Amino acid sequence: MTTRVIIVDDQAMVRAGFAALLAAQSDIDVVGDAADGVQGVELARRTHPDVVLMDVRMPEMDGLEAARRLLDPPAGVAHRPKVLMLTTFDVDDYVYEALRAGASGFLLKDAPPADLISAVRVVAAGEALLAPSVTRRLIADFARQRPAPRKDRTALRLNGLTPRETEVLELIARGLSNQEIAEKLILAEQTVKTHIGRVLAKLGLRDRAQAVIFAYESGLVAPGER
């Protein structure tokens with residue numbers, strides 16, 4: 001099955017480079033590119049991509065607002081692609097808010113070509129939140145700037161999880177992959193996937209990225225913990 005991708009970035013060279021790299025893969029089809037968020041949303045509505053590579057900072061409409069519009073479309077628009085944010089190390093709350101809005105993760109623009117290709121495939125398959133080591137550091141930085149964990153419905157929703165599901169959620173938030181979680185808990189990887197599916201369903205979360213945000217906001221995981 002071919003994964004349809006569009007690239008939204010205000011730098012023409014970035015768009016061209018990413019497009020050439022991805023188009024060379026037999027299982028990826030680049031169906032268009034756009035120079036800003038407004039064009040990106042319009043293009044996505046027309047082409048129905050599986051994955052949108054979205055730059056964070058762009059003119060006209062930034063990547064955060066564009067991601068929101070794609071992931072929370074108006075009535076009558078059924079298509080909701082996976083959104084992968086493209087960023088650099090000088091990020092701010094944009095990336096954090098994008099993950100809260102439902103983006104499937106983020107990737108550094110200077111990541112090796114193989115990481116970009118893998119990222120598209122992983123996001124298309126529903127396995128969100130890429131580059132665990134980078135993700136852990138950035139999410140922790142964002143979380144440190146947030147108010148204290150909310151003791152409202154966000155935290156109370158944890159009560160609906162079994163002890164094992166809570167444990168799995170905590171490990172997801174620490175950036176562990178399914179295989180690493182399986183090894184740590186001495187479980188089959190398929191069992192881990194089942195637990196993750198139940199966690200997402202019970203908490204009403206779209207994917208692993210939102211699960212990480214939830215874990216920090218509920219106080220299950222504190223910034224800086226290992």
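Note that the structure is predicted; figures quoted are calculated from it, not measured.
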Novice: For the residue pair L108 and L86, establish whether any side-chain heavy-atom pair is separated by less than 4.5 Å.
Specialist: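 Side chain of L108 against side chain of L86, heavy atoms only: no contact under 4.5 Å found.
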
Novice: Using 0.5 Å steps for rounding, measure from the CD1 atom of I117 to the CG atom of L22.
Specialist: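 Here the interatomic distance stands at 6.5 Å.
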
Novice: Identify whether the distance between the nearest side-chain nitrogen and carboxylate oxygen of D27 and R121 falls below 4.0 Å.
Specialist: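 Yes, D27 and R121 are salt-bridged.
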
Novice: Sequence neighbours left out, what passes side-chain hydrogen bond (donor to acceptor under 3.5 Å, both in side chains) with Q11? Give chain and number order.
Specialist: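 Once residues adjacent in sequence are excluded, Q11 has no partner under the side-chain hydrogen bond (donor to acceptor under 3.5 Å, both in side chains) criterion.
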
Novice: In chain order, what residues pass the salt bridge (charged side-chain N to carboxylate O under 4.0 Å, His left out) check against D36, with sequence neighbours excluded?
Specialist: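 Residues passing salt bridge (charged side-chain N to carboxylate O under 4.0 Å, His left out) with D36: none at all.
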
Novice: So, do D33 and V8 sit near enough that their side-chain heavy atoms are less than 4.5 Å apart?
Specialist: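 Side-chain contact under 4.5 Å: no.
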
Novice: What closest approach, in Å, do G37 and M58 show between heavy atoms, and which atom pair accounts for it?
Specialist: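 Shortest heavy-atom separation between G37 and M58 comes out as N-CE, 3.7 Å.
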
Novice: Please name all residues satisfying side-chain hydrogen bond (donor to acceptor under 3.5 Å, both in side chains) with K202, sequence neighbours left out, ordered by chain then number.
Specialist: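 K202 satisfies side-chain hydrogen bond (donor to acceptor under 3.5 Å, both in side chains) with E165 once adjacent residues are dropped.
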
Novice: Does R69 come within less than 4.0 Å of E65, counting only side-chain N to carboxylate O?
Specialist: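 Yes, this pair counts.
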
Novice: So, E42 and R45, do they make that salt bridge, N to O below 4.0 Å?
Specialist: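 Salt bridge absent between E42 and R45.
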
Novice: Can you name the one residue among V51, L53, V52 that meets side chain to side chain contact (heavy atoms under 4.5 Å, CB included) with I7?
Specialist: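 Filter result, single survivor: L53.
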
Novice: If every non-hydrogen atom of A103 is compared with every non-hydrogen atom of L71, which pair is closest and at what distance?
Specialist: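 Where A103 meets L71 most closely, the heavy atoms are N-CD1, 3.3 Å.
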
Novice: Using a strict threshold of under 4.0 Å (side-chain N to carboxylate O), is an ion pair present between R15 and D10?
Specialist: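 Answer for the salt bridge query: no.
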
Novice: Measure across P73 and R80 and return the closest heavy-atom pair with its distance rounded to 0.1 Å.
Specialist: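 Closest approach of P73 to R80: CD-CD, 3.4 Å.
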
Novice: Using a 4.5 Å cut-off on heavy atoms from C-beta on, say whether the side chain of E167 contacts that of R164.
Specialist: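 Yes. Closest side-chain heavy atoms under 4.5 Å.
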
